[in-house]
There are 2 protein chains.
Amino acid sequence: MHGTAEQDILCRTDLFRGLSPDSLRALRRSATRRRLATQDPVFHQGDRAETFYVVAEGRLRVTQTTADGQQVIIRYVGPAELAGLAVLAGDDLHPSTATAVADSEVIGISRAVIREIMARHPEVAMNAVSVIAARYREMQQRLREMSTQNVERRIAHTILRLAREAGRRTARGIEIAFPLSRQDLAEMTGTTLHTVSRTLSAWEGRGLVDSGRRRVVVRRPHELAMLADAAG
Amino acid sequence: MHGTAEQDILCRTDLFRGLSPDSLRALRRSATRRRLATQDPVFHQGDRAETFYVVAEGRLRVTQTTADGQQVIIRYVGPAELAGLAVLAGDDLHPSTATAVADSEVIGISRAVIREIMARHPEVAMNAVSVIAARYREMQQRLREMSTQNVERRIAHTILRLAREAGRRTARGIEIAFPLSRQDLAEMTGTTLHTVSRTLSAWEGRGLVDSGRRRVVVRRPHELAMLADAAG
DNA sequence: GCGAATCTTTGCGGCGGATCAAAGCGCTGC
DNA sequence: GCAGCGCTTTGATCCGCCGCAAAGATTCGC
């Protein structure tokens, strides 16, 4: 699984959907591959935005850190998804940091290459519009959640979303397929690890989830969804 | 100020920057103008996304309403800015509602027209990427604020942002140039009108702002910015 | 100019969730 | 196998902000 897998992943992205085999081949030649171990950084907040990445395998965590050192998780990025969208927009700097949370493989594409492809293939530029618009909508949804829902519902929504994006069916239920700590969930929902821990403990008591050290399994997705949609 | 003003506004947008005069003229012919009084709706959440709008004059409020009827304000949109970005992305439905908050004039452009322009003029498609990416970044910032800052700082940031986007210099300070109620600020910051009212009263006591019925004037922008950046 | 509607202010009580503190648990490395 | 580190749990306390309630301003319609 080398070249062919790589080309597969590129044409499976929403960004390059519809690009001709020839162009894909050329793109593949100018792209670079990188293997990452857990914890390896891909780029840092404030770095020059020279290269964006397609995840071929594994998963990245995208975070932002505030002036006073608080961190929030913007998103997890999985196979066939993109990290470093600022490059597509032609921005100078990466506004966020991307880090591998599992052994991963990414394909890097430089600003110059993607800008030229978009200029030559408007359908790719239009795909880029859709990709970023989807992220924008995602963000609107999270903002709405933060504004109107209490902590328990926010955690429920977040876990359900992760289960959808990165869920693995097991005998016990749907397992989120990468290490996810209480602290991580807190940084996604705007609360503290203490509150997340208490909430998961309560759910565990009711048989909704099964969780442990950096591990979450959703046992009753339907009931958790009810809870996520309940008032409050 | 008819045709010429309209063309001016179109070429002053980030979206159509760099488009040739000929194409602009053609675009202008296929666009429609609409005058709006305060409170007039432009489009509704759930409507088919057939047309997006360039604000030529005035201001729109873009909101989302949750299943249980709670409203959040996504953004205010002023001259040379866009409303209805979903149309650019080719989405089926408008995810939000846009309403005039002052007498306004908008220029409507249909999905078919903009898609064709983007297909023919990649630079416009790339502009669209930048426009949406800017909104995405804006949203990330607000999410970060919601996650890490207390109510007072969020209100301060919000008012400063509005003053920057829609501020009018007056003898008393910078006046936000459209009607803005306590409830509106609450829906932008994820709090209640009561808390906004208390906060503004406190600031008024310290001479930071001067506010009344649907009216906010920032008297000491610098001090308000200090407060917005302070810890907490 | 009067009343009604809308927006704002302010007091009071309560609670969700943060904060502080300390102890348990499960990996990892030697 | 034991030490040590990072993650998790749980208790106790506190406080920022919400929710409710009622009165005070301001604008608008007739």
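By convention in this document, chain letters (A, B, ...) are assigned in the order of the sequence lines, proteins followed by strands, and residues within each chain are numbered from 1. None of the values given here were measured: they were computed from a predicted structure. Computation of the quantities below employed the complete heavy-atom set of this structure, encompassing side-chain atoms and omitting hydrogens, waters and symmetry-equivalent molecules.
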Side chain to side chain contact (heavy atoms under 4.5 Å, CB included) against [X], all qualifying residues, sequence neighbours excluded:
X: B:A133; value: A:A89, A:I132
X: B:E145; value: B:Q141, B:Q149, B:H157, B:R161
X: B:A102; value: none
X: B:Q64; value: A:Q140, A:R144, B:Q45, B:V72, B:I74, B:P95, B:S96

Item to check | side-chain hydrogen bond (donor to acceptor under 3.5 Å, both in side chains) contacts touching residues 46-55 of chain A (sequence neighbours left out) | outcome: A:R34-A:Y53
Atom pairs and distances, donor-acceptor, side-chain atoms in residues 202-210 of chain A, under 3.5 Å, two or more places apart:
from: A:W203; atom 1: NE1; to: A:E152; atom 2: OE2; distance (Å): 3.0
from: A:E204; atom 1: OE1; to: A:S211; atom 2: OG; distance (Å): 3.3
from: A:E204; atom 1: OE2; to: A:S211; atom 2: N; distance (Å): 3.2

Next on the checklist: So if I define the base as every atom that isn't primed, P, OP1 or OP2, how would nucleotides 6-11 of chain D read as a B/S/- string at a heavy-atom cutoff under 4.0 Å?
Outcome noted: BSBBBB
Using a 3.5 Å cut-off and no angle test, enumerate the donor-acceptor pairs between side-chain atoms of residues 168-175 of chain A and protein atoms at least two apart in sequence or in another chain.
from: A:T170; atom 1: OG1; to: A:R172; atom 2: N; distance (Å): 3.2
from: A:T170; atom 1: OG1; to: A:G173; atom 2: N; distance (Å): 3.3
from: A:T170; atom 1: OG1; to: A:G173; atom 2: O; distance (Å): 2.8

Item to check | ring pair (Phe, Tyr, Trp, His ring centres under 6.0 Å) pairs, two or more places apart, involving residues 58-78 of chain A | outcome: A:Y76-A:F178
Show me, pair by pair, the donor-acceptor contacts under 3.5 angstrom made by side chains of residues 184-200 of chain A, not counting sequence neighbours?
from: A:D184; atom 1: OD1; to: A:R61; atom 2: NH1; distance (Å): 3.3
from: A:D184; atom 1: OD2; to: A:S181; atom 2: N; distance (Å): 3.0
from: A:D184; atom 1: OD2; to: A:S181; atom 2: OG; distance (Å): 3.2
from: A:E187; atom 1: OE2; to: A:Q183; atom 2: NE2; distance (Å): 2.8
from: A:T189; atom 1: OG1; to: A:L185; atom 2: O; distance (Å): 2.7
from: A:T192; atom 1: OG1; to: A:T195; atom 2: N; distance (Å): 3.3
from: A:T192; atom 1: OG1; to: A:T195; atom 2: OG1; distance (Å): 3.3
from: A:T199; atom 1: OG1; to: A:T195; atom 2: O; distance (Å): 2.8

Checklist outcome for this item: Contact check, residues 140-157 of chain B vs DNA chain C, heavy-atom distance under 4.0 Å, returns none
Checklist entry - At what angle, to 10 degrees, do the two end axes of the helix from C:dG1-D:dC30 to C:dC30-D:dG1 meet, given five pairs define each axis? => result 50°
Item to check | Carboxylate-amine/guanidinium proximity below 4.0 Å for B:R137 and A:D91 | outcome: yes
